[in-house]
J.: 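This is the structure I want to talk about, given as structure tokens.
Remember, it's 1-based here, ligands and their atoms both numbered in the order they're listed. This one's a predicted model, so the numbers in the text were calculated from it and none came from an experiment.
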Amino acid sequence: MLTTWIIFFGYGSLALGTPIPPTLQSPLRPASVPSYVLDYAPLVYLHSEDPYRPADIGSQVQNTRPEVDYTFIPGQYDLNNLDQLNLFGELYLTSKVDIITNPGWLKGVTPNSCGTTESAVTCAVITTDHGNGLVDAFYMYFYAYNWGGLVAQISSWNVGNHVGDWEHNMIRFQNGVPIAVWFSQHNNGQAFDYKALQKCGDRPIVYSANGSHANYAISGEHEHTIPNLNLPINGILMDFTDDGPLWDPITSAYFYSFDISTSTFTEYNSSYPTAWLNFLGHWGDKQYPDSDPREASNIFAGIEARYSDGPTGPIDKQLHRANVCPDNGNPCLIRETLTA
Ligand SMILES: *[C@@H]1O[C@H](CO)[C@@H](O)[C@H](O)[C@H]1NC(C)=O
Ligand SMILES: *[C@@H]1O[C@H](CO)[C@@H](O)[C@H](O)[C@H]1NC(C)=O
């Protein structure tokens with residue numbers, strides 16, 4: 001295992017020597033966004049074997065239908081009025097077709113050779129200004145599907161899949177200088193000192209794990225524990241990262257600011273849809289009942305579903321957070337060296 005890790009790590013480091021194309025000036029990129037939010041924006045290596053690439057945020061609404069407690073809510077919804085669904089209760093954007101058939105839209109869009117997901121807006125950048133020169137920039141990454149991985153690498157032991165997947169990095173800036181970076185991973189994540197990270201120029205390098213899209217600072221294998229799944233054997237749940245296609249999220253993004261005191265989002269360009277950011281519901285199906293055939297032969301039934309709830313959106317990621325880490329009772333360790 002250690003040997004494999006070293007090979008993976010060596011491979012990732014080598015890749016940093018290869019040239020990365022300069023960031024394209026996206027037509028979506030508005031002039032008013034602070035330049036440091038763009039200059040220090042993360043670059044993300046997707047996993048070479050991951051079929052589930054970043055996906056268009058608006059298309060998720062078109063490929064799903066709103067449901068509350070498995071009951072369809074009729075109406076026409078898109079990114080400009082999605083928040084109206086909050087009235088109906090705990091909302092789930094539920095796939096129109098059975099996801100067991102693996103419909104093509106779950107796979108999103110592979111970035112082109114310049115790192116852009118063409119004709120798909122796959123990222124939302126949200127800035128929060130804490131005053132006194134302290135600004136957080138959240139880079140919210142959207143994928144249409146999360147493949148949960150295998151327990152102990154046993155192929156029938158696949159759990160934790162869900163429709164919709166929001167992950168993020170957050171960079172904390174002091175007077176336009178990057179200080180620290182948060183990497184979301186499953187229910188929590190890791191924070192690093194900006195100086196510790198691998199970079200292309202000034203831009204931090206991020207690795208998105210195969211299927212789960214958890215964000216890591218290095219390539220290789222990552223032991224993790226799925227939240228609420230307590231297994232007696234440590235390290236049996238793994239994430240894998242490598243330097244597959246390079247994604248430059250800010251070239252396919254909408255940009256917003258979030259006012260902490262009023263909890264309001266403001267678009268940096270009036271052409272961006274904004275109402276969707278106030279949507280409190282889930283971006284995928286509700287966990288199916290244990291009696292559902294899709295949950296059959298899941299030996300972890302009652303512990304971890306094969307198909308769990310779709311995630312809530314950016315508004316639920318503690319945009320107002322005081323520390324680099326979200327406030328969840330865990331200590332906020334700012335790592336000074338690279339680690340899995
Ligand atoms: C807003 O976006 C439109 C369309 O992409 C663009 O023409 C315009 O220049 C942008 N405005 C600003 C202030 O960036
Ligand atoms: C990546 O995920 C796919 C399923 O989406 C799986 O078939 C493949 O084995 C995974 N690769 C690694 C290295 O985990």
Side-chain angles (χ1 to χ4, degrees), residues 1-15 44-56 59-60 63 95 97-111 117 120 122 141-167 183-186 205-226 229 231 233-247 283-285 287-288 294-295 297-300 304-311 340:
M1 173 143 1
L2 184 60
T3 319
T4 321
W5 187 84
I6 290 165
I7 289 167
F8 265 104
F9 183 70
Y11 188 52
S13 307
L14 256 185
V44 181
Y45 277 112
L46 304 172
H47 192 279
S48 56
E49 289 180 18
D50 193 351
Y52 303 109
R53 301 304 193 194
D56 184 63
S59 296
Q60 194 79 355
N63 290 317
S95 180
V97 296
D98 189 345
I99 58 163
I100 221 101
T101 64
N102 210 12
W105 62 268
L106 295 182
K107 302 191 175 81
V109 176
T110 298
T117 52
T122 49
Y141 310 137
F142 186 68
Y143 305 82
Y145 190 67
N146 177 102
W147 179 75
L150 306 175
V151 178
Q153 297 306 302
I154 295 172
S155 62
S156 58
W157 289 5
N158 164 232
V159 292
N161 309 296
H162 49 84
V163 177
D165 196 15
W166 282 105
E167 297 287 344
F183 290 66
S184 73
Q185 300 158 355
H186 304 278
I205 298 292
V206 176
Y207 294 88
S208 165
N210 189 38
S212 79
H213 309 124
N215 297 301
Y216 293 94
I218 61 172
S219 158
E221 299 182 355
H222 311 269
E223 294 182 349
H224 71 92
T225 43
I226 294 179
L229 172 57
L231 289 172
I233 309 163
N234 189 29
I236 213 158
L237 300 164
M238 306 292 291
D239 268 333
F240 299 89
T241 57
D242 73 7
D243 47 349
L246 184 72
W247 178 33
W283 289 75
D285 300 25
Q287 179 174 323
Y288 310 129
R294 290 170 286 202
E295 293 294 328
S297 75
N298 174 16
I299 68 156
F300 300 102
E304 183 77 8
R306 177 155 294 145
Y307 296 97
S308 51
D309 279 357

J.: With heavy-atom distances below 4.0 Å as the criterion, list the atoms of ligand 2 near N210.
T.: 1 (C), 2 (O), 3 (C), 8 (C), 10 (C), 11 (N), 12 (C), 14 (O)
J.: Enumerate the atoms of ligand 2 whose separation from the nearest heavy atom of Y52 is less than 4.0 angstrom.
T.: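 Answer, ordered by atom number: 5 (O).
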J.: Which residue holds the protein heavy atom closest to atom 6 (C) of ligand 2, what is that atom called, and what is the gap in Å?
T.: W147 CH2, 3.9 Å
J.: Can a side-chain donor-acceptor contact be found between T241 and S219 if the only test is distance below 3.5 angstrom?
T.: no
J.: Y207 and Y216: aromatic ring centres closer than 6.0 Å?
T.: no
J.: In ligand 2, which numbered atoms sit nearer than 4.0 Å to a non-hydrogen atom of F240?
T.: 14 (O)
J.: Are Y288 and Y307 close enough that their ring centres sit under 6.0 Å apart?
T.: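 Yes.
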J.: Ring centroid separation for Y145 and W105, is it under 6.0 angstrom?
T.: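 For Y145 and W105, the ring centres are not under 6.0 Å apart.
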J.: Between S95 and D285, which heavy-atom pair has the shortest distance, and what is it?
T.: N-OD1, 2.8 Å
J.: Under 4.0 Å from a heavy atom of P51: which atoms of ligand 2 are those, numbered in the order shown and with their elements?
T.: 5 (O)
J.: Protein non-hydrogen atoms only, distance under 4.0 Å: does atom 2 (O) of ligand 2 have such a neighbour?
T.: yes
J.: Less than 6.0 angstrom separating the ring centers of W247 and Y45, yes or no?
T.: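 That pair fails the under 6.0 Å test.
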J.: Among protein heavy atoms, which lies nearest atom 8 (C) of ligand 2, and at what distance?
T.: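 So the nearest neighbour among protein heavy atoms is E49 OE1, 3.6 Å.
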